[in-house]
Amino acid sequence: QVQLGESGGGLVQAGGSLRLSCAASGGIFSRYAMGWFRQDPGKEREFVAAISWSGTTTYYADSVNGRFTISRDNAKNTVYLQMNSLNSEDTGVYYCAASLYVDYLKEVANYDYWGQGTQVTVSS
């Protein structure tokens, strides 16, 4: 059983930056690919970024490609999401998730464990 805990959310002005962290415990972190998703009230959870277990392969949603960077530190059991040039459409609750899949990491259904989320609000 893997437990995930996000941190680093908050209120930021448009154009600003935030760095989210997700700490994992209770499992072998390096076995899992990791993903970040976000959700607005009344909307489906949507893919933001994912990273392979080794950190060598990354995936991004078109809407964040070039602005967000996902990374991981397997020695610290932590995955990060650096978010730059934020805009109001980036507002939402951000969740990290762990997956044993090696592909199809943009699919919510392919993740086994989820954190409780951290709120990101971008003011315009």
Side-chain angles (χ1 to χ4, degrees):
Q1 188 80 9
V2 176
Q3 291 82 43
L4 302 173
E6 302 94 338
S7 61
L11 175 65
V12 63
Q13 288 188 334
S17 298
L18 280 176
R19 188 194 196 201
L20 304 184
S21 299
C22 174
S25 62
I28 302 175
F29 180 70
S30 60
R31 291 183 60 191
Y32 293 88
M34 298 297 295
W36 286 97
F37 292 76
R38 66 187 179 198
Q39 188 170 22
D40 285 333
K43 295 185 179 180
E44 294 186 353
R45 194 166 295 187
E46 65 174 0
F47 170 76
V48 174
I51 189 167
S52 61
W53 66 269
S54 63
T56 56
T57 305
T58 56
Y59 309 83
Y60 296 96
D62 290 343
S63 60
V64 307
N65 197 20
R67 299 188 297 121
F68 290 12
T69 302
I70 188 172
S71 61
R72 67 188 296 161
D73 186 338
N74 286 346
K76 295 182 178 180
N77 290 352
T78 303
V79 63
Y80 306 96
L81 185 68
Q82 177 67 43
M83 306 186 294
N84 299 329
S85 301
L86 286 160
N87 58 60
S88 59
E89 294 185 352
D90 297 317
T91 293
V93 178
Y94 282 70
Y95 298 89
C96 72
S99 173
L100 287 173
Y101 276 71
V102 295
D103 205 343
Y104 306 107
L105 293 174
K106 298 182 179 181
E107 304 297 328
V108 170
N110 291 343
Y111 286 80
D112 305 285
Y113 303 102
W114 293 84
Q116 294 189 337
T118 185
Q119 176 70 46
V120 172
T121 303
V122 183
S123 63
S124 56

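What's counted below: heavy atoms across the whole structure, side chains too, no hydrogens, waters or symmetry copies. In what follows, residues are counted from 1 in the order of the sequence shown.
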Tell me which pairs pass disulfide (SG to SG under 2.5 Å) where either residue lies in residues 20-71, with sequence neighbours left out.
Cys22-Cys96
Please determine whether side-chain contact (heavy atoms from CB on, under 4.5 Å) holds for the pair Val79 and Leu81, giving the CA-CA distance in whole Å, both sets of side-chain angles, and the decisive distance to 0.1 Å.
CA-CA 7 Å; Val79 63; Leu81 185 68; over 6 Å; no
Donor-acceptor pair, side chain of [X] and main chain of [Y], under 3.5 angstrom:
{"X": "Asn110", "Y": "Ser99", "answer": "no"}
{"X": "Thr118", "Y": "Tyr94", "answer": "no"}
{"X": "Tyr111", "Y": "Leu105", "answer": "yes"}

Fellow cluster residues of Ile28, listed by chain then number, with links counted only when side-chain atoms sit under 4.5 Å apart
none
Can you name the nearest heavy-atom pair linking Gly115 to Tyr95, along with the distance?
O-CD2, 3.5 Å
At what distance, to the nearest 0.5 angstrom, does OG of Ser25 lie from CD of Gln1?
10.0 Å
Nearest 0.5 Å please: distance from the CG atom of Leu18 over to the CG atom of Leu11.
9.0 Å
Residues in side-chain contact (heavy atoms from CB on, under 4.5 Å) contact with [X], at least two apart in sequence or another chain:
{"X": "Ser54", "answer": "Ser52, Thr56"}
{"X": "Val2", "answer": "Leu4, Ala24, Tyr32, Tyr113"}
{"X": "Thr78", "answer": "Ser21, Ala23, Lys76, Tyr80"}

CA sep, side-chain torsions, deciding dist, call: Asn87, Arg67, side-chain contact (heavy atoms from CB on, under 4.5 Å)
CA-CA 10 Å; Asn87 58 60; Arg67 299 188 297 121; 3.6 Å; yes
Side-chain heavy atoms nearer than 4.5 Å, only ILVMFWY residues, links allowed to pass through others: does that put Val93 and Val12 together?
no
So if you build clusters from Ile, Leu, Val, Met, Phe, Trp, Tyr with side-chain heavy-atom gaps below 4.5 Å, do Val108 and Tyr104 land together?
no
The complete set of ring-ring contact (aromatic ring centres under 6.0 Å, His included) pairs with one or both residues in residues 39-79, sequence neighbours excluded, reads Phe37-Phe47
With sequence neighbours left out, which residue pairs that include part of residues 12-38 fulfil the salt bridge (charged side-chain N to carboxylate O under 4.0 Å, His left out) condition?
Arg38-Glu46, Arg38-Asp90
Starting from the C-alpha separation in whole Å, work towards a yes-or-no answer on side-chain contact (heavy atoms from CB on, under 4.5 Å) for Met83 and Leu20.
CA-CA 8 Å; Met83 306 186 294; Leu20 304 184; 3.8 Å; yes
Can you list everything that forms a side-chain hydrogen bond (donor to acceptor under 3.5 Å, both in side chains) with [X]? Sequence neighbours excluded, please.
{"X": "Asn74", "result": "Arg72"}
{"X": "Thr121", "result": "Gln119"}
{"X": "Ser17", "result": "Asn84"}
{"X": "Gln116", "result": "none"}

